[in-house]
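Notes follow once the structure below has been shown.
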Protein chains: 2
Amino acid sequence: MPKSIKRTYSQYSKDAVTLLGAFIREARNERNLTAQELADRAGISRGLLQRIEKGNLKCEIGAVFEVATIVGIKLFEADGNALTKQLRHTKEKLALMPKSVRKKYKRVNDDF
Amino acid sequence: MPKSIKRTYSQYSKDAVTLLGAFIREARNERNLTAQELADRAGISRGLLQRIEKGNLKCEIGAVFEVATIVGIKLFEADGNALTKQLRHTKEKLALMPKSVRKKYKRVNDDF
DNA sequence: ATATTATGATCTATATATAAACCAAAGGGA
DNA sequence: TCCCTTTGGTTTATATATAGATCATAATAT
């Protein structure tokens, strides 16, 4: 039972989502799509698209990414995008990753 | 009244969210944080963090970005990140943007 | 091996995001 | 100017994401 769900967000997170929304809107305008048209293509309501473009933090990430993808915004390009490189590295590394995390007990080397 | 909300997502969107989640998990492990610790810092439940790391598309973008920010993943770097550059451009351009979009009426030049 | 801890999964109750239908106002074309 | 479209707000009903608790399993340290 969620007792209220009043989250706090870092300024960075807020800025990031705001910028992403603004970018979506710009891309939509550049492609001459109305809000309704883009919403239809993404399979969401116009109201949700409005909130996405406004940078509302509580929209589902799937809807946001879908809209971004449709208007041509690629978070993870095939090219030299820094994040993409890191993620590619991650993907390859995933199989080798430890499943759980342990606190590091500082090993004290006494027998010196 | 949402009649069911069964969305479809492009493969790209699914992959992007999956990769982001995997990257978050990797970053968390590299920082030796337990799921509970990271969840606490982000102000979310451990269950939600699990879904985020799994790449669940229906998590709120604010929670995802917050977690990513905490473990040091910057979607929009201050440096030469391509998306950042575009977004900076967008920000400056925002004030000049038209508020609404009009369909282009192909002007037919009859009197030729 | 044993104990301890992290993770994965399930279940319940509730807060809330969403779709849909409105309306008003702004914007752009003719 | 007038008309038509787009956008920005509501409001309402409902589907659902979330917090929190619990349990089983996996993983790690000693």
Side-chain angles (χ1 to χ4, degrees), chain A residues 1-9 17 21-22 24-26 28-64 66-67 94 96-108 110, chain B residues 1-9 17 21-22 24-26 28-64 66-67 94-110:
Chain A
M1 54 294 257
K3 63 177 167 199
S4 191
I5 308 196
K6 256 167 211 136
R7 285 197 227 293
T8 62
Y9 302 95
V17 177
I24 287 172
R25 175 163 189 141
E26 186 196 25
R28 174 172 72 78
N29 282 330
E30 281 175 351
R31 292 171 179 243
N32 275 292
L33 290 171
T34 68
Q36 189 64 62
E37 286 169 339
L38 179 52
D40 289 344
R41 289 201 199 181
I44 66 176
S45 65
R46 188 168 65 92
L48 176 53
L49 177 59
Q50 275 185 20
R51 289 169 47 231
I52 290 174
E53 291 187 346
K54 232 173 150 184
N56 188 305
L57 291 154
K58 327 208 80 163
C59 304
E60 7 175 310
I61 193 171
V64 179
E66 189 67 16
V67 169
L94 272 184
L96 310 174
M97 272 176 42
K99 301 261 172 50
S100 67
V101 169
R102 280 272 154 167
K103 294 293 106 188
K104 287 245 176 68
Y105 299 111
K106 205 154 208 83
R107 226 223 191 269
V108 184
D110 300 50
Chain B
M1 54 296 255
K3 62 179 165 197
S4 190
I5 307 195
K6 256 168 213 135
R7 285 199 227 294
T8 61
Y9 301 94
V17 177
I24 287 172
R25 176 163 189 141
E26 185 195 27
R28 174 172 70 78
N29 282 329
E30 280 175 353
R31 293 172 177 241
N32 275 292
L33 290 171
T34 68
Q36 188 64 60
E37 285 169 341
L38 179 53
D40 289 343
R41 289 202 199 181
I44 67 176
S45 65
R46 186 169 66 92
L48 177 52
L49 177 59
Q50 275 185 20
R51 288 170 46 231
I52 290 174
E53 291 187 344
K54 232 171 149 184
N56 188 307
L57 291 154
K58 324 210 80 160
C59 304
E60 16 176 301
I61 192 170
V64 179
E66 189 68 15
V67 169
L94 271 184
L96 309 174
M97 272 176 42
K99 301 261 173 49
S100 66
V101 170
R102 279 273 155 167
K103 293 294 105 187
K104 290 243 175 69
Y105 298 111
K106 205 155 208 81
R107 224 209 190 283
V108 183
N109 200 346
D110 299 44

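Only this structure's heavy atoms are used, side chains among them; waters, hydrogens and symmetry mates stay out. Proteins get letters first, then strands, A, B, ... in listed order; numbering begins at 1 in each.
In the displayed structure, B:K58 atom NZ is contacted under 6.0 Å by more than 12 heavy atoms of other residues, nucleotides or ligands.
Atom pair B:L48:CG and D:dT16:C1' shows a separation of 13 Å (rounding to whole Å applied). The nearest whole Å value for the distance from the CD atom in B:E53 to the C1' atom in C:dG8 is 12 Å. Remark: C1' of D:dA29 and CG of B:N32 are 14 Å apart, rounded to the nearest angstrom. Rounded to whole Å, the distance from CD on B:Q50 to C1' on D:dA26 is 13 Å. We find that CG of B:L33 is positioned 17 Å from P of C:dT5, with the value rounded to whole Å. Separating the CD atom of A:Q36 from the C1' atom of D:dT5 is a distance of 12 Å, rounded to the nearest angstrom. Protein atom CZ of A:R7 is 10 Å distant from nucleotide atom P of C:dT16, rounded to whole Å. Between the P atom of D:dA17 and the CD1 atom of B:I52 lies a distance of 13 Å, rounded to the nearest Å.
Residues B:T34 and B:E37 are in side-chain contact: their nearest non-hydrogen atoms beyond the backbone lie under 4.5 Å apart. Looking at heavy atoms from C-beta onward, B:V17 lies out of side-chain contact with B:N56 at the 4.5 angstrom threshold. Residues A:R25 and A:I52 are not in side-chain contact: their nearest non-hydrogen atoms beyond the backbone lie 4.5 Å or more apart.
Distances from the side chain of B:I44 to the nucleotides C:dT7, D:dG8, D:dA19 place D:dA19 closest. When distances run from any side-chain atom of B:K54 to the nucleotides C:dT18, C:dT7, C:dA9, the shortest one goes to C:dA9. Counting only heavy atoms from C-beta on, B:A35 has its side chain closest to C:dT7 among C:dT7, D:dA19, C:dT18. Listed nucleotides: D:dT7, C:dA19, D:dG9. Nearest to the side chain of A:R25: D:dT7.
Between B:S45 and B:K6, the one whose closest nucleotide on DNA chain D sits nearer the 5' end is B:K6.
Rounded to the nearest 0.5 Å, atoms CD1 (B:I24) and NZ (B:K54) are 15.0 Å apart.
For DNA chain D, no neighbouring residue in residues 56-64 of chain A is found when judged by any heavy atom under 4.0 Å.
In this structure, A:R28 reaches the D:dT7 phosphate: one of its side-chain N or O atoms is under 4.0 Å from OP1 or OP2.
A salt bridge links A:E60 to B:R7: one of the charged nitrogens lies within less than 4.0 Å of a carboxylate oxygen.
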**Asked** Can you list the steps and then say if A:E53 with A:R28 is a salt bridge (charged side-chain N to carboxylate O under 4.0 Å, His left out)?
**Response** CA-CA 10 Å; A:E53 291 187 346; A:R28 174 172 72 78; 2.7 Å; yes
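Donor-acceptor pairing under 3.5 Å, judged by distance alone, is present between the side chain of B:R46 and the base of C:dG8.
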